[in-house]
Amino acid sequence: MFRSVARSAAGKHLIRRGYATEPVPARKVAVLGAAGGSGQPLALLMKLNPLVSQLALYDIANTPGVAADVSHFNSRAEVAGSVGEEQLEKALDGCDLVIIPAGCQGSLALVNMISNPVDSTVPIAAEVFKKAGTYDEKKLFGVTTLDVVRAKTFYAEKAKIKVADVNVPVVGGHAGITILPLFSQATPKANLAEGDIKVLTKRTQVGGTEVVEAKAGKGSATLYAGAIFADACLKGLNGVPDVVECSFVQSTVTELPFFASKVRLRKNGVEEVLGLSSLSEYEKNGLESLKPELKASIDKGINFANQS
Ligand SMILES: NC(=O)c1ccc[n+]([C@@H]2O[C@H](COP(=O)([O-])OP(=O)(O)OC[C@H]3O[C@@H](n4cnc5c(N)ncnc54)[C@H](O)[C@@H]3O)[C@@H](O)[C@H]2O)c1
C-alpha cells in the first residue's frame, strides 16, 4: 500500500514515483484511543506510512507503552504518546488528520470517525463541532472502509478474480442492512447470478458478526481498514488527483443528511460527494429498506448531542 521513502542528502523526505522523486510534505496525524484493539494496529500502520511525519498517540490509559513500542519502527514518523485529558490539546495541536477509534474532541483537522455506531457518532460529532463553531462538513468522515474491503474480498472469492483488481462501492450506513454494497457497479464485471449477489450482500452486512463468532467472544473486528482510509485522506491533503473512497459524510445524495457513498478527497477534505449512479432493482429495494433505520440512527445521534 505504501510507497518507499528515501531521505535525500539534504535531509528532505522524498517519495519515489517511477524514476522521479518528489518532496513529501510534513503531516501530523493523531490517533485518539490509540491503546485499544483497533487503535494499536492503526498506530503501527500510521507509523509505517511514509506520508506521516509526526504521530500523536492519545488515550485515557496505556499510551506511553504503546508509543514506546511503536516508536522503535524504522520509519519517518516521530511518535509521541500522551495520556489523560490535560494532554489532549498537545496531541491535537497542528494536526492534519485525527483518527478516532474512541472518544471525540473538537479539531480543525480532517476527522476520521471510527467509533461505533458510526451512523450516530458522525452526527454527534457534527453537532459537537457546530456548538464549538468548528464544524466543516468537508472535514468529517465516518470510516466505512471495512465494508468496502469485505465486499471486495467476498466478490473476488466468488468471481475467482484477483482482489487487487476489484472495486465495489458500498453506500448507505455502517450497520446491518444500512450497509449496501453495489455489486452491479463492481469492476471487473463478473456476471454473478442474482442469488449469489444476495448472499454476498448479506455476508458484507454481517461481516463483523462473522469475525466476532470466529473469535468465540474473545474480541471483535479490528480496524486495519482505517489505515487505508487515512492514507487516502493524506494523499488528498497532498493534492494527489482523483483519490476516491467511500465514506459516511454529510450528503445530499438522498434525503438523509448523512450518507455513505463515493467521495472525492482533496486538499480541503471532501472535494465532491459522488452520486449513486444506476442501481439494480435489488439495490433500489435495499436502498429504500435501509433509509428508515439509517434515519433513526442519525436522529438518535443528533438528539443525543443536543440533550448532553
Ligand atoms: N468503523 C469500523 O469499521 C470499526 C471497525 C472496528 C471497530 N470499530 C469501533 O472502534 C471502536 C474501538 O474499538 P476497539 O476494539 O479498539 O475497542 P477497545 O475497547 O479495544 O479500545 C478502545 C480504546 O479507547 C480508549 N478510550 C476510551 N475513552 C476514551 C476517550 N474519551 N479518549 C481517548 N481514548 C479513549 C480506551 O482506553 C481503549 O484503549 C469501537 O467503537 C468499535 O466498535 C469500528
Side-chain angles (χ1 to χ4, degrees), residues 29-46 56-67 69-70 80-92 95 98-107 111-125 128 140-153 170-176 178-181 204-215 217-233 245-249 258 260 294 297 300-301 304-305 308:
V29 174
V31 180
L32 310 186
S38 299
Q40 288 198 42
L42 203 50
L44 180 58
L45 288 164
M46 287 298 99
L57 303 181
Y58 172 83
D59 202 296
I60 49 173
N62 303 325
T63 16
V66 174
D69 200 8
V70 169
S82 49
V83 72
E85 250 182 60
E86 61 289 352
Q87 295 190 17
L88 179 58
E89 205 172 319
K90 191 175 131 220
L92 292 174
C95 270
V98 179
I99 309 173
I100 308 179
C104 170
Q105 296 291 329
S107 168
V111 173
N112 290 181
M113 179 61 77
I114 290 172
S115 307
N116 277 323
V118 165
D119 300 346
S120 299
T121 54
V122 169
I124 291 172
V128 170
L140 177 61
F141 302 88
V143 178
T144 58
T145 318
L146 195 51
D147 306 321
V148 177
V149 299
R150 284 183 178 140
K152 284 186 190 180
T153 298
V170 181
V171 303
H174 183 58
T178 72
I179 301 167
L180 183 63
T204 306
Q205 291 170 337
V206 300
T209 314
E210 189 177 304
V211 176
V212 170
E213 283 174 2
K215 289 187 177 177
K218 295 213 169 83
S220 58
T222 46
L223 197 78
Y224 310 112
I228 298 174
F229 190 69
D231 186 63
C233 285
E245 288 286 337
C246 289
S247 178
F248 185 68
V249 293
F258 294 91
L294 186 52
S297 298
K300 203 168 164 187
F304 175 83
S308 305

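Atoms within each ligand, like the ligands themselves, are counted from 1 in listed order.
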Ligand-residue contact atoms, ligand 1 with [X], heavy atoms, under 4.0 Å:
| X | value |
| --- | --- |
| His174 | 1 (N), 2 (C), 3 (O) |
| Leu146 | 3 (O), 5 (C) |
| Ser38 | 6 (C), 7 (C), 13 (O), 14 (P), 15 (O), 16 (O) |
| Tyr58 | 32 (N), 33 (C) |

| task | Kindly indicate whether the side chain of Val212, heavy atoms from C-beta on, has any atom under 4.5 Å from the side chain of Thr209. | result | no
| query | Do the side chains of Val143 and Val118 get nearer than 4.5 Å, heavy atoms only? | reply | no
| said: Is Pro101 close enough to touch ligand 1? Criterion: a residue heavy atom under 4.0 Å from a ligand atom. | reply: yes
Is there a nitrogen or oxygen of [X] sitting under 3.5 Å from a nitrogen or oxygen of ligand 1?
| X | result |
| --- | --- |
| Ala61 | no |
| Ala102 | no |
| Leu32 | no |
| Ser115 | no |

[atom2] on [Y] to [atom1] on [X], rounded to 0.5 Å:
| X | Y | atom1 | atom2 | answer |
| --- | --- | --- | --- | --- |
| Asn62 | Leu57 | CG | CG | 12.5 Å |
| Glu245 | Thr145 | CD | OG1 | 6.0 Å |
| Ile60 | Leu88 | CD1 | CG | 11.5 Å |

| query | Of the choices Val118, Asp59, Leu42, which has the non-hydrogen atom that lies closest to atom 39 (O) of ligand 1? | reply | Asp59
| task | Tell me which one of Asn116, Val31, Val83 gets a heavy atom nearest to atom 8 (N) of ligand 1. | result | Asn116
| request: Could you see which bit of Asn62 sits under 4.0 Å from ligand 1, with heavy atoms only: side chain, backbone, both or neither? | output: neither
